[in-house]
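Structure first, then comments.
Chain letters run A, B, ... following the sequence lines, proteins first, then strands; residues in each count from 1. Quick note: numbers below take in every heavy atom, side chains included, and nothing from hydrogens, waters or symmetry partners.
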Amino acid sequence: MNVKEMREKHRLLSEYKYQLGTIDKGYTNRTLYINVGDNTIKEKPVTDFMKEKFVGGKGFGLWYLWNAVTPETKWNDPENEIIVGTGPICGITQYPGSGKSLVVSLSPLTNLPFDSNVGGFFGPYLKFSGFDALEIQGKAEKDVIIIIDGNKGIVRIEEAPAEAVDGHLLGEQLTEMYAESEEDKKNISVITAGSAAEHTRVGCLNFTFYDPRRKVVRLKQAGRGGIGTVFRDKKIKGVLVRFKGTKGNLNNPHDISLINKAGVRLHREIALYDHKQNNMRKIGTANIIEIMDQYDLLPVHNYKFGSHPDTHKIASTVFIEKYVTQGMADGCWYGCSLSCAKAADNFELKTGPYKGHKVCVDGPEYENAAGLGANCGIFDPEYILEANFYCDTYGIDTISVGTLIAFAMDCYEQGIINKEITGGLELTFGNKEAAIELIHQMSRGEGFGKIAGQGVRRMKELFIKEYGADPQVLQDIAMEQKGLEYSEYLMKESLAQQGGYGLCNKGPQHDEAWLIFMDMVNNQIPTFEDKAEALHYYPMFRTWFGLLGLCKLPWNDITPPDNKYTSEPAKIPEHVQNYFDVYEGVTGIKLDEASMVRQSERVYNFQRVFILRMGSGRRIHDRVPYRSLGPATVEEYESRQERYDKQLKELVGYDPEGKTTEEKMAVMRKYRESQYEQLVDAVYKRRGWTMDGIPTLEKLKELGMDLPEVVEVVKKYL
Amino acid sequence: MIKVNGFDFPWEEGLTVTKLLEKKGYTFHTSLIVVKINNEIIDEEKFDTTLIQDGDDVQALHIFGGG
Ligand code: SF4
């Protein structure tokens, strides 16, 4: 069926016409509310209160979600929302990394508010169409698509029975359907999920942009937290925005010269130094695959080890030389010269429903190679690309999928599960055929794939309940916290990073804090207080990017050469100044580090109270599986025996001589668990929280976040 | 003996910055490793020729903010 025939099958459910608006200093000052259950479409004003307390982006998302749900709301209740926020800087084209959307929803994995940052053109086009955020609520009866025409001022909900569900097809179909010409395709961006998002809890959202040079629709993912699952549960197939007329000044900024100057500085720096530094323009985040291996930080075999002799087979150079197309301006929004959104073109698939198709694979990113590859013991670049492609088009998160397959493999090798339970799949580490089949099963909603797709926490519970697994063993090796799978760094030797994962509001995702080098290698933050300080400022910087619609990578994945002479090289002071300039250039408001951190702290503490309101957010919920703190098995201990014996002697004052591995492990465990608890104390103190992890009234007052509804929640715990 | 990032590390005759980075397994992009000897920054171009003396306090700070 061609797209014309597909479109003829659409049935209009609701249409809303609105006045086109202008953007004033980064804000359109209104948002769009759509309920796909009763087909309501309406506008909402953005108030000064919202701007002051929540700034934009993820801040707006959390505020709307707070008002939409109650403590009893579950992720699959119609009240749950998916909010796509932009942020005042989102959409400028002069400064790299300024086109991000922030998606907020109650997660099917954690049932807590979750935020995910994503590229692609949707956020900027939504804003240029007249809205600072899109709020979607309700559940449709049949598959629908939402269309926002930002030039005509029309929003529609249409039943759409005939289009594909899988992301790469649906993205192409809807782009083709609504573009007026080939030239017009770049004016369209679509949000999709995919077929596996329907059957699992690890669904992701794809945000598209049209790549005119490759002539394909590219997919960027709001990967984590299962928001794609919420999307399909609402029976939304796709959301499309069309906006023609993108220009650099559409945000109507206060002073464009401030923005231009900051942009020129960073573009120049990227042009001169990226190739000597992280090589983002050649291979994106995958540049660190071999580096992580060399520093023993690459997760291997469900986070048992940090390196593997076969890593060279999936090194970044392999992808650069054989697969990833070079010389393309791969920015996920206009003006991003860091261009890390790499792709492998004409990649021929070997398995699954699209076997034999030559496709464009968006990736691989570091996390895909580390999670789908090394963590599962699979060191095959073509498998990584294939699994990467299928995860994206099926609408599932590569990180959660990597970690949950690694966990299932670990359980299989330990005899906790067997072939009978897996339906014949031999889930040993390194078995790429079994791994890809599991992913296809997730798409079909059948077999062990459907069970695995519920995530590590639910597998763990099932294996204990149904198959008599030892709860302690599983608790130690199941790499999830708050219900979310860990992302792909080995954190055993960095206490600060253990906290970076364990004390993250949404669950163990590294986008709040990545402190491994600063801590483990540089030894720059040796005391608990030093680590707590880093675990304060780092998440605040990154939270801020999520409020403004910015990408975190241009902050510190490129470094000015004279950065080393600054007083705080880890913060990249020149880039921080750029952000102040860009913020002032757009909004007209001057910013310094203290006020930037304050903006973030408001939202961060609000999010903490929000998770508390939803039944988490206390010290007990910040506990982590032991494998994230230290060697959980004899095999792990003995693989790095020299290191651990030395630590026992020097740090614990325990002589390992003549002791069994089990005896040494027990002492090591006691030590490391106590270190983690002391870190938690220090971080809570630094953040202004009680020793149970609750923001104090004083802290909330100091931040101006002592809103009655917030105080009502925390009071119960103080 | 020298200190590297606060930890003891054996010194040897003719130890340059480049050799030290190799011995430590510090394979990260050298332009993103800030090397200080006794708190003095060493330019990357001089990594091959700068000799580290016994007793020196060396810092090799990796500037990288992660994924
Ligand atoms: S650095 Fe990469 S992810 Fe960030 S905006 Fe640029 S292309 Fe997109």
Original post:
Could you give the distance from CG (Asn5(B)) to CE (Met520(A)), rounded to the nearest 0.5 Å?
Top reply: 11.0 Å
**OP:** Please round to the nearest 0.5 Å and tell me the distance separating atom CD1 of Ile41(B) and atom NZ of Lys564(A).
**Re:** 7.0 Å
Original post:
Would one find more than 12 heavy atoms of other residues, nucleotides or ligands at under 6.0 Å from atom CZ of Arg643(A)?
Top reply: yes
**OP:** Could you grab the distance from atom CZ of Phe64(B) to atom CD1 of Ile291(A), nearest 0.5 Å is fine?
**Re:** 7.0 Å
**OP:** Hey, could you give me the CE/CD1 distance between Met518(A) and Ile63(B), rounded to the nearest 0.5 Å?
**Re:** 8.0 Å
Original post:
Considering all heavy atoms of both residues, which atom of Asn522(A) and which atom of His62(B) are nearest to each other, and what is their separation?
Top reply: OD1-N, 2.7 Å
**OP:** Could you look at Gln277(A) and say if it's the side chain, the backbone, both or neither that has a heavy atom under 4.5 Å from chain B?
**Re:** both
Original post:
Do you know the tightest heavy-atom contact between Tyr26(B) and Tyr295(A)?
Top reply: CA-OH, 3.0 Å
Original post:
Hey, mind stepping through Phe28(B) and Val521(A) against side chain to side chain contact (heavy atoms under 4.5 Å, CB included) and telling me if it holds?
Top reply: CA-CA 11 Å; Phe28(B) 193 47; Val521(A) 182; over 6 Å; no
Original post:
Which atom pair, heavy atoms only, marks the closest approach of His29(B) to Asn278(A)?
Top reply: CD2-OD1, 3.3 Å
**OP:** Output the option from Leu32(B), Ile33(B), Val34(B) having the highest count of non-hydrogen pairs under 4.5 Å with chain A.
**Re:** Leu32(B)
Subject >> chain B contact via Tyr538(A) - side chain, backbone, both or neither, heavy atoms under 4.5 Å >> reply: side chain
**OP:** Would you mind checking which part of Leu515(A) comes under 4.5 Å of any heavy atom in chain B, side chain (CB onward), backbone (N, CA, C, O), both or neither?
**Re:** neither
Original post:
Should we count NZ of Lys646(A) as having more than 12 external heavy atoms under 6.0 Å?
Top reply: no
